[in-house]
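Heads up: the structure comes next, in structure tokens.
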Protein chains: 2
Amino acid sequence: MAMHDVECCDEVCHHSDLVTKVNSHMPDEDELYDLAELFKVFGDSTRIRILYVLFESQMCVCDLAEALNMNQSAISHQLKILKQAKLVTGRREGKSVIYSLADDHVRTIIDQGREHIEE
Amino acid sequence: MAMHDVECCDEVCHHSDLVTKVNSHMPDEDELYDLAELFKVFGDSTRIRILYVLFESQMCVCDLAEALNMNQSAISHQLKILKQAKLVTGRREGKSVIYSLADDHVRTIIDQGREHIEE
DNA sequence: CAAACATATGAATAACTGTTCATATGTTTA
DNA sequence: TAAACATATGAACAGTTATTCATATGTTTG
């Protein structure tokens, strides 16, 4: 890695190959957008709390609402967002809809985040 | 794990021990807030792009602006947010400030996100 | 020290987001 | 089928956020 020391920001570095090199490793715009959208979903404490509840047990909407002490509509709206991001799935069971975690990426991502803030 | 099948949402489940059990595993409010704040930082494609650039090379602000084709002020504002979240660090070097990744959690979190959306 | 360069920052604005309220949809039960 | 229950959804509102512009701060150079 014999890149000479960074010297900014005169002609040496400005408009340099570095900029184009770095951009060649950039994922395409769609993927960047999707990635940001995914993290946006984690970026709300209500949704995080819903996920933590579902770590422990699958649960219907009204009990989620009770557990989080929020009204049912707010929970439903947030579940919709989590479902669109494929972080949770819901199946109807009689009158209720039971929600559960979609896969284990959810845990990993949250655990990594938790590790980071506990550094 | 002999929990009886979920039966929602009459008295059987509503107000049940499940709700309190689940809440006993909930991190405290401050941690939930911090976690959401952290993911919020990842939830913007400009900041994601900055991080991708820094995966490849440390870089000064004006070159980041050039690489992302955005004005310097926008980049500075976003770098401030990334720095507050301890995802990047900046060191002054002459007239410039060179930014680089703070640690490897950043990569792990982004990689996990990428894995999820590519399922 | 003045001029030039690099970065940071406050204010303003437009766009977005989470919650609430009212109500609609879907399911069971009497 | 009507009533009751569980969930979903659209509209409205308040709060938040990313970008831009103008300008301030910090550093080097002549």
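No hydrogens, no waters, no symmetry mates; every other heavy atom, side chains included, goes into these values. Every chain is numbered from 1, with letters handed out A, B, ... down the list of sequences.
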**OP:** With salt bridge (charged side-chain N to carboxylate O under 4.0 Å, His left out) as the test, would you mind laying out the steps for A/Arg107 and A/Asp104 before giving the verdict?
**Re:** CA-CA 5 Å; A/Arg107 274 181 214 261; A/Asp104 263 347; 3.5 Å; yes
Starting at atom [atom1] of [X], determine the distance to atom [atom2] of [N], rounded to an integer number of angstrom.
{"X": "A/Ile81", "N": "C/dT17", "atom1": "CD1", "atom2": "P", "value": "8 Å"}
{"X": "B/Asp63", "N": "C/dA6", "atom1": "CG", "atom2": "P", "value": "9 Å"}
{"X": "B/Lys83", "N": "C/dT7", "atom1": "NZ", "atom2": "P", "value": "12 Å"}
{"X": "B/Leu68", "N": "D/dT20", "atom1": "CG", "atom2": "P", "value": "12 Å"}
{"X": "B/Gln84", "N": "D/dA18", "atom1": "CD", "atom2": "P", "value": "12 Å"}
{"X": "A/Arg91", "N": "D/dA6", "atom1": "CZ", "atom2": "P", "value": "17 Å"}
{"X": "A/Tyr33", "N": "D/dA18", "atom1": "OH", "atom2": "C1'", "value": "14 Å"}
{"X": "A/Leu64", "N": "D/dT7", "atom1": "CG", "atom2": "P", "value": "9 Å"}

Subject >> Side chains of A/Gln72 and A/Ser76, donor plus acceptor under 3.5 Å >> reply: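 There is such a pair (donor and acceptor under 3.5 Å, judged by atom type) between the side chains of A/Gln72 and A/Ser76.
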Subject >> A/His116 side-chain N/O to B/Leu87 backbone N/O, donor-acceptor pair under 3.5 Å >> reply: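 No; zero donor-acceptor contacts below 3.5 Å.
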Subject >> Selection: residues 44-55 of chain B, any non-hydrogen atom under 4.0 Å of DNA chain D >> reply: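 Correct list: B/Asp44, B/Thr46, B/Arg47.
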Do you know the tightest heavy-atom contact between [X] and [Y]?
{"X": "A/Val88", "Y": "A/Leu79", "result": "CG2-O, 4.2 Å"}
{"X": "A/Ile98", "Y": "A/Cys60", "result": "CD1-CB, 4.0 Å"}
{"X": "B/Arg92", "Y": "B/Lys95", "result": "NH1-O, 3.1 Å"}

Original post:
Is there a side-chain contact between A/Asp28 and A/Glu31, using heavy atoms and a 4.5 Å cut-off?
Top reply: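 Side chain of A/Asp28 against side chain of A/Glu31, heavy atoms only: contact under 4.5 Å found.
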Original post:
Of B/Met70 and A/Lys80, whose closest DNA chain D nucleotide lies nearer the 5' terminus?
Top reply: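 Counting from the 5' end, the first nearest nucleotide belongs to A/Lys80.
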Original post:
Does D/dT17 have OP1 or OP2 sitting under 4.0 Å from an N or O in the side chain of B/Gln78?
Top reply: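 The answer is no; no side-chain N or O of B/Gln78 sits under 4.0 Å from OP1 or OP2.
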Original post:
Under 4.0 Å: is that the gap between some side-chain N or O of A/Tyr99 and OP1 or OP2 of D/dA8?
Top reply: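 Indeed, a polar side-chain atom of A/Tyr99 lies that close.
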Subject >> Rounded distance (nearest 0.5 Å) linking atom CG of A/Leu82 with atom CD1 of A/Ile75 >> reply: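 CD1 of A/Ile75 is found 9.5 Å from CG of A/Leu82.
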**OP:** Fit a plane to each ring of B/Phe55 and B/Tyr52, take the angle between them on a 0 to 90° scale, and name the class: parallel (under 30°), tilted (30 to 60°) or perpendicular (over 60°).
**Re:**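 The arrangement is perpendicular - the two ring planes meet at more than 60°.
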Original post:
Could you run down nucleotides 21-30 of chain D 5' to 3' and tag each one B, S or - for protein heavy-atom contact under 4.0 Å?
Top reply: BB---SBS--
